[in-house]
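Here's the structure we're looking at; comments come further down.
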Amino acid sequence: MAAPEKLSAKLTLPNGKEATLPVIVGTEDEHAIDIRSLRQDTGYITLDSGYMNTGSTTSAITYLDGEQGILRYRGYPIEELAEQSDFVETSYLLIHGKLPTKAERAAFSTALTRHSLIHEDMHQFFSGYPPTSHPMAVLSAMVTSLSAYYPDSLDRHSPADLHITRLLSKVRTIAAFSYKKSIGQPLMYPKNSLKYCGNFLHMMFAVPSEEFVVNPILEKALNQLLILHADHEQNCSTSTVRMVGSSGANLYAAIAGGILALWGPLHGGANQAVIEMLEEIKASGSDYKKFIDDVKAKRDNRRLMGFGHRVYKNFDPRAKILKKMCDEVLATLGISDPLLDIAKAMEEIALKDDYFVSKKLYPNVDFYSGIIYRALGIPTNMFTVMFALGRLPGWIAHWKEMVEDKDTKIGRPRQIYIGEKVRHYVPVDKR
Ligand code: ACO
């Protein structure tokens, strides 16, 4: 077979010098200009704040096409995984690059079940936080603390698979414990007879004084929600995980960094912000049209939370699945949520309004996920924790891909300095 033609791009610089830069082509015909030798060859760097046009890595984990609304994990369409897989299997797929065989799947599930407890001493940490603490603060601190309980994680040669299993299993326990603490209920230990998502629901909602039966509708919905959140290539939190990990910091530290990046309302914090926005609209007499007018007028820098995305300039495929799921879950549980009616009415207006259409603002994954979480009984301030739980296998897969890539270098962008030129120190009495 003939070798593929090597493409290149030419760049003419202000001094007339020309640089020839190799072009890299991905499996899905995405093209990138490789500027790795640019500074060395020409003295120039590129400037791209917000990394709108910068690829930070090649990756074989997730493919997304924001114009077409396509999202695939390891080649598998998100729609197929959400419908037919479960969260544990999808996690395996993301981390190990292939769907597990029956035996691999069973072994992976068993390992996750066996590692679900956290060190008893860690229970005291939960008591140290005020009950009003945001669970994301608790989660990030607890994940960092895991590295203190597993100091072998500081050794870069210790087996990554063991830490990966621990994290995937224990983050679920930590998330549920932080909720239990916040409402003053006793911590519920994990139950080995339950599956990953069922066990989480048990730790969240069971109490020692009565029997708890996992509702299969809620378990399926939770599996689907977590699958939809499981990876999204080089987003803000995943890039943070890669950045922290690139320094050689341990897996727990890298994931804690990702959790903190996810917390912001422009990223994973948007699911909480959507519900708060809908509640505010409801409390003010459901005048969503006025809210949309305020957004369009940029009054108080308002945004329609749950709308818009850095890469999707068409429908977010996850939002499509979630909208359908939202109707199904609420109907099956016999719940009618006035916030859903407001959300649907706002979506209908926004999809026809020139402000949103011209800026290509469509509902994103967070627009409907909060309404489903509410139906599952999950409180609003836990929504971003749920996102973190879902995104965990993606973060882990990227960390693993990065540490296994021999071309990985410490993440260290450059800058163009625009401050003062050299000036000399003046003693305080002469200023
Ligand atoms: N409501 C109203 N206007 C918006 C919105 C929105 N939700 N999103 C973007 N815009 C407008 C901006 O004001 C800007 O207008 P301008 O050109 O007149 O200045 C234009 O659209 C482009 O916006 P940017 O912020 O430059 O777009 P960017 O790609 O940087 O931002 C982001 C993407 C952060 C997601 C943005 O759309 C947003 O803030 N959305 C609301 C928060 C949200 O839902 N975040 C979750 C994203 S999904 C996730 O992380 C899981």
Side-chain angles (χ1 to χ4, degrees), residues 48-54 62 64-67 69 71 73 78 82 136 225-241 258-278 280-281 288-323 339 342-343 346-373 380 383-395 398:
D48 184 20
S49 51
Y51 311 117
M52 311 268 286
N53 302 287
T54 297
T62 286
L64 83 80
D65 179 333
E67 269 73 37
L71 175 62
Y73 299 160
I78 189 67
M136 284 297 273
L225 278 161
L226 298 185
I227 290 172
L228 294 177
H229 285 87
D231 193 44
H232 214 235
E233 50 116 302
Q234 313 307 322
N235 54 83
C236 176
S237 55
T238 304
S239 301
T240 303
V241 169
I259 292 171
L260 291 170
L262 186 75
W263 195 357
L266 298 189
H267 191 13
N271 52 17
Q272 175 173 342
V274 169
I275 294 297
E276 285 164 357
M277 170 186 82
L278 295 173
E280 185 195 319
I281 294 169
Y288 53 85
K289 289 186 180 149
K290 174 173 180 314
F291 189 92
I292 290 194
D293 287 342
D294 285 350
V295 166
K296 285 164 57 180
K298 299 193 174 166
R299 244 167 245 133
D300 303 325
N301 284 328
R302 291 227 118 149
R303 286 196 169 197
L304 180 50
M305 300 311 285
F307 258 68
H309 199 277
R310 172 57 63 79
V311 288
Y312 290 121
K313 299 302 171 195
N314 192 329
F315 243 94
D316 179 338
R318 302 166 301 174
K320 262 191 197 167
I321 301 172
L322 281 168
K323 185 176 180 186
L339 297 194
I342 298 175
M346 289 176 91
E347 180 191 337
E348 205 183 315
I349 294 183
L351 291 180
K352 288 189 203 133
D353 189 296
D354 189 54
Y355 174 92
F356 297 93
V357 174
S358 64
K359 293 182 194 298
K360 301 189 175 171
L361 301 171
Y362 294 92
N364 61 47
V365 68
D366 289 321
F367 196 64
Y368 285 108
S369 64
I371 295 171
I372 307 177
Y373 283 133
T380 313
F383 289 178
T384 314
V385 169
M386 299 307 297
F387 194 150
L389 192 58
R391 184 54 56 87
L392 189 56
W395 287 333
H398 283 272

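Just so you know, ligand 1 is whichever comes first in the structure, and atom 1 is the first atom listed for that ligand.
Residue contact annotation: His232 has no non-hydrogen atom under 4.0 Å from ligand 1. Using a 4.0 Å cutoff on heavy atoms, Phe367 does not count as a contact of ligand 1.
Between the side chains of Glu347 and Tyr368, at least one donor N or O sits under 3.5 Å from an acceptor N or O.
For ligand 1, the atoms sitting less than 4.0 Å from at least one non-hydrogen atom of Leu304 are 1 (N), 2 (C), 6 (C), 7 (N), numbered in the order shown with element in parentheses. Less than 4.0 angstrom separates some heavy atom of Val365 from each of these atoms of ligand 1: 51 (C).
With a heavy-atom cut-off of 4.0 Å, Leu266 touches ligand 1 through backbone and side chain alike. Residue-level proximity to ligand 1 for Lys359 is carried by the side chain, the only part with a heavy atom below 4.0 angstrom. With a 4.0 Å heavy-atom cut-off, ligand 1 is reached by no atom of Asn235. Within the 4.0 Å heavy-atom criterion, neither part of Arg302 lies near ligand 1. Under 4.0 Å from ligand 1, not a single heavy atom of Val274 appears.
Between Phe307 and ligand 1, an N or O atom pair is found at a separation short of 3.5 Å. Considering backbone and side-chain atoms together, His267 places an N or O closer than 3.5 Å to an N or O of ligand 1. Looking at ligand 1, you won't find any N or O of Leu361 less than 3.5 Å from one of its N or O atoms. The N/O atoms of Val295, backbone and side chain alike, include none that comes under 3.5 Å of an N/O atom in ligand 1. Among the atoms of Met305, none of the N or O lies under 3.5 angstrom from an N or O of ligand 1. Not a single N or O atom of Arg318, backbone or side chain, sits closer than 3.5 Å to an N or O atom of ligand 1.
In this structure, of Ala319, Pro265, Ala270, the residue bringing a heavy atom nearest to atom 46 (C) of ligand 1 is Ala270. When Asn301, Thr384, Asp366 are ranked by how near their heavy atoms come to atom 49 (C) of ligand 1, first place goes to Asp366. Looking at Met277, Arg303, Met52 and measuring to atom 36 (C) of ligand 1, the nearest heavy atom belongs to Arg303. Of the candidates Ser369, Ser358, Gly306, Gly50, the one placing a heavy atom closest to atom 44 (O) of ligand 1 is Gly306.
Using a 4.0 Å cut-off between charged side-chain N and carboxylate O, Lys290 and Asp294 make a salt bridge.
Using cut-offs of 30° and 60° on the angle between ring planes, the pair Tyr312 and His232 is tilted. Taking the six-membered ring for Trp and thresholds of 30 and 60 degrees, His229 and Phe387 have ring planes more than 60 degrees apart, a perpendicular arrangement.
What sits closest to atom 30 (O) of ligand 1 on the protein, heavy atoms only, is Arg310 NH2, 2.8 Å. Looking from atom 16 (P) of ligand 1 to the surrounding protein, the closest heavy atom is Lys298 NZ, 3.1 Å. Closest protein heavy atom to atom 35 (C) of ligand 1: Gly308 O, 3.7 Å.
In this structure, atom 26 (O) of ligand 1 has its sub-4.0 angstrom surroundings free of protein heavy atoms. Within a 4.0 Å radius of atom 41 (C) of ligand 1, the protein has at least one heavy atom.
Residue Leu71 holds its CG atom at 9.0 Å from CD of Glu233, rounded to the nearest 0.5 Å. If you take OH on Tyr362 and CG on Asp316, they are separated by 12.0 Å, rounding to the nearest 0.5 Å.
Taking the ring centre of Tyr355 as origin, the terminal cationic atom of Lys359 falls inside the region bounded by 6.0 Å and 45° from the ring axis.
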